Number of protein chains: 2
Amino acid sequence: MAEEHHPDHAPLELENFLPYRLSILSNAVSQAIADDYQRRFDLSMTEWRVMAVLARFDGLSAREVAERTLMDKVAVSRALSKLVETGWVTRATHDGDKRRSVLGLSEAGWAIHEVVAPMAREHERNLLSRLDEEERTWLVRILDKLQAIEPK
Amino acid sequence: MAEEHHPDHAPLELENFLPYRLSILSNAVSQAIADDYQRRFDLSMTEWRVMAVLARFDGLSAREVAERTLMDKVAVSRALSKLVETGWVTRATHDGDKRRSVLGLSEAGWAIHEVVAPMAREHERNLLSRLDEEERTWLVRILDKLQAIEPK
DNA sequence: GCGTTATAGTTACATATGAAACCATTTGCA
DNA sequence: TGCAAATGGTTTCATATGTAACTATAACGC
């Protein structure tokens, strides 16, 4: 497959430029999902991500949530203050370290999670249904390799 | 390959959730590139995208730029007003339709382009160098299929 | 031609986001 | 001990972004 040999300074074809394509695709996908739970629960993407990790790892501190979600601590702090206020997340102070908070989903939070998680999975399933089995396998493999960058 | 059969309401594993992975990867990649030209030319990603399409398609109107970049017209308007001010983009009024603008890169704009385009390509090359030829082929194919969504 | 509707682009406002400063607490160590 | 440095978390400020309203021009229907 002969690669067109464009000089480096030729205009970029955005539609074939990988970083651009990734960005467009990723935004479209994430936005479609977020619109869904945003509309139904007034839940932002960052808030949902916080809830998702707390569903898996109960009792994390805010910093740990930030690590797991790759969000910065300010974003986490803000998300938490809203989530605690709406009563979907509980926040206590760590015994023996008064700086640290101990976070978890409340009953109400779990209820939300029970609705949103399947919704998110459904979107993912939908997306993946465009691919056949072989393509799905390659995709995971490719993402694994590319992702070796980001733990910047 | 036996798929774990988690119930739909089980906690999401973000690190295996495709939309999340895409988002992390895409942000990391785009940000790395943007940091580069941002630092050197104080050029935002949206501004660079505008310049990139004008390099390819001279004489577009603002709306056409918006279509090509998939950005909304407000973002384009803002980017343009900065680019025109810094003198990298020229703006004239369309003969016969005074609403429309006629946009293009200036000499100075081309000079910037000559630096940034190779820089962007280099990042892309770097990213793709993590994949072998077969994986690259699959990636393009997979993106093509997944991208069938987004022309929302 | 002339009023209505559509289009190109900008402005205004409200919200989101990130960086840096900040407060409280804890840790490390002389 | 006790004080400097580090850590968890919040607040502040400056910037970015999206939505809706607005201005100017053009197109359409009669």
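Note on naming: letters A, B, ... go to the chains in the order of the sequence lines (proteins, then strands), and numbering restarts at 1 for each one. Keep in mind that what you see is a predicted model, and the values were worked out from it rather than measured.
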Checklist outcome for this item: Numerically ordered, the residues 82-104 of chain B set in heavy-atom contact under 4.0 Å with DNA chain C is B:Arg91, B:Arg99, B:Arg100, B:Ser101
Checklist outcome for this item: Contact span of DNA chain D against chain A, any nucleotide atom under 4.0 Å from a heavy atom, 5' to 3', runs D:dA6 to D:dT12
Checklist entry - A:Leu43 has an atom CG; how far is it from atom C1' of C:dA16, in whole Å? => result 15 Å
Checklist entry - Can we say A:Arg136 and A:Glu133 salt-bridge, meaning some charged N sits less than 4.0 Å from an Asp/Glu carboxylate O? => result yes
Next on the checklist: Using the side-chain heavy atoms of A:Arg78, tell me which of these nucleotides is nearest: C:dC13, C:dA19, C:dT7.
Outcome noted: C:dA19
Checklist outcome for this item: Taken to the nearest whole Å, CG/B:Asn27 to C1'/C:dG18 is 14 Å
Next on the checklist: Using a 3.5 Å distance criterion without hydrogens, assess whether the side chain of B:Glu135 forms a donor-acceptor pair with backbone atoms of B:Asp132.
Outcome noted: yes
Next on the checklist: Tell me whether A:Thr90 contacts the main-chain N or O of A:Ser106 through its side chain, where contact means a donor paired with an acceptor under 3.5 Å.
Outcome noted: no
Under 3.5 Å between N/O atoms: give me all the protein pairs with nucleotides 21-23 of chain C, atom names plus distance.
none

Going by atom type alone, with no hydrogens or angles, which donor-acceptor pairs under 3.5 Å involve a side-chain atom of residues 22-30 of chain B and a protein atom two or more places apart or on another chain?
from, atom 1, to, atom 2, distance (Å)
B:Ser23, OG, A:Arg49, NH2, 3.3
B:Asn27, ND2, B:Ser23, O, 3.4
B:Ser30, OG, B:Ser26, O, 3.4

Checklist entry - Got a salt bridge between A:Arg141 and B:Glu134, using NZ or NE/NH1/NH2 to carboxylate O under 4.0 Å? => result no
Checklist entry - Within a strict 4.5 Å, meaning less than it, do heavy atoms of the A:His94 and A:Ser101 side chains meet? => result no
Checklist entry - Minimum heavy-atom separation for A:Phe41 to A:Trp88, with atom names? => result O-CH2, 3.4 Å
Tell me which donor-acceptor pairs under 3.5 Å the side chains of residues 73-84 of chain A have, and how far apart each pair is, sequence neighbours excluded?
from, atom 1, to, atom 2, distance (Å)
A:Ser81, OG, A:Arg78, O, 3.0
A:Lys82, NZ, A:Asp42, O, 2.6
A:Lys82, NZ, A:Glu47, OE1, 2.9

Next on the checklist: What's A:Ser44 touching, base or sugar-phosphate or nothing? Going by heavy atoms closer than 4.0 Å.
Outcome noted: nothing
Checklist entry - Tell me: CD of B:Gln31 to C1' of C:dA19, nearest whole Å? => result 13 Å
Checklist outcome for this item: The residue, B:Val76 or A:Gln38, whose nearest nucleotide of DNA chain C is more 5′ is B:Val76
Item to check | For B:Asp35, side-chain hydrogen bond (donor to acceptor under 3.5 Å, both in side chains) partners two or more places apart | outcome: B:Gln31
Checklist entry - Should the pair B:Arg68-B:Glu64 be classified as a salt bridge under the 4.0 Å nitrogen-to-oxygen rule? => result no
Next on the checklist: Using a heavy-atom cut-off of 4.0 Å across all strands, would you classify B:Ser61 as base, sugar-phosphate, or nothing?
Outcome noted: sugar-phosphate
Next on the checklist: Tell me if a side-chain donor or acceptor on A:Tyr20 pairs with a main-chain N or O of B:Thr69 at a distance below 3.5 Å.
Outcome noted: yes
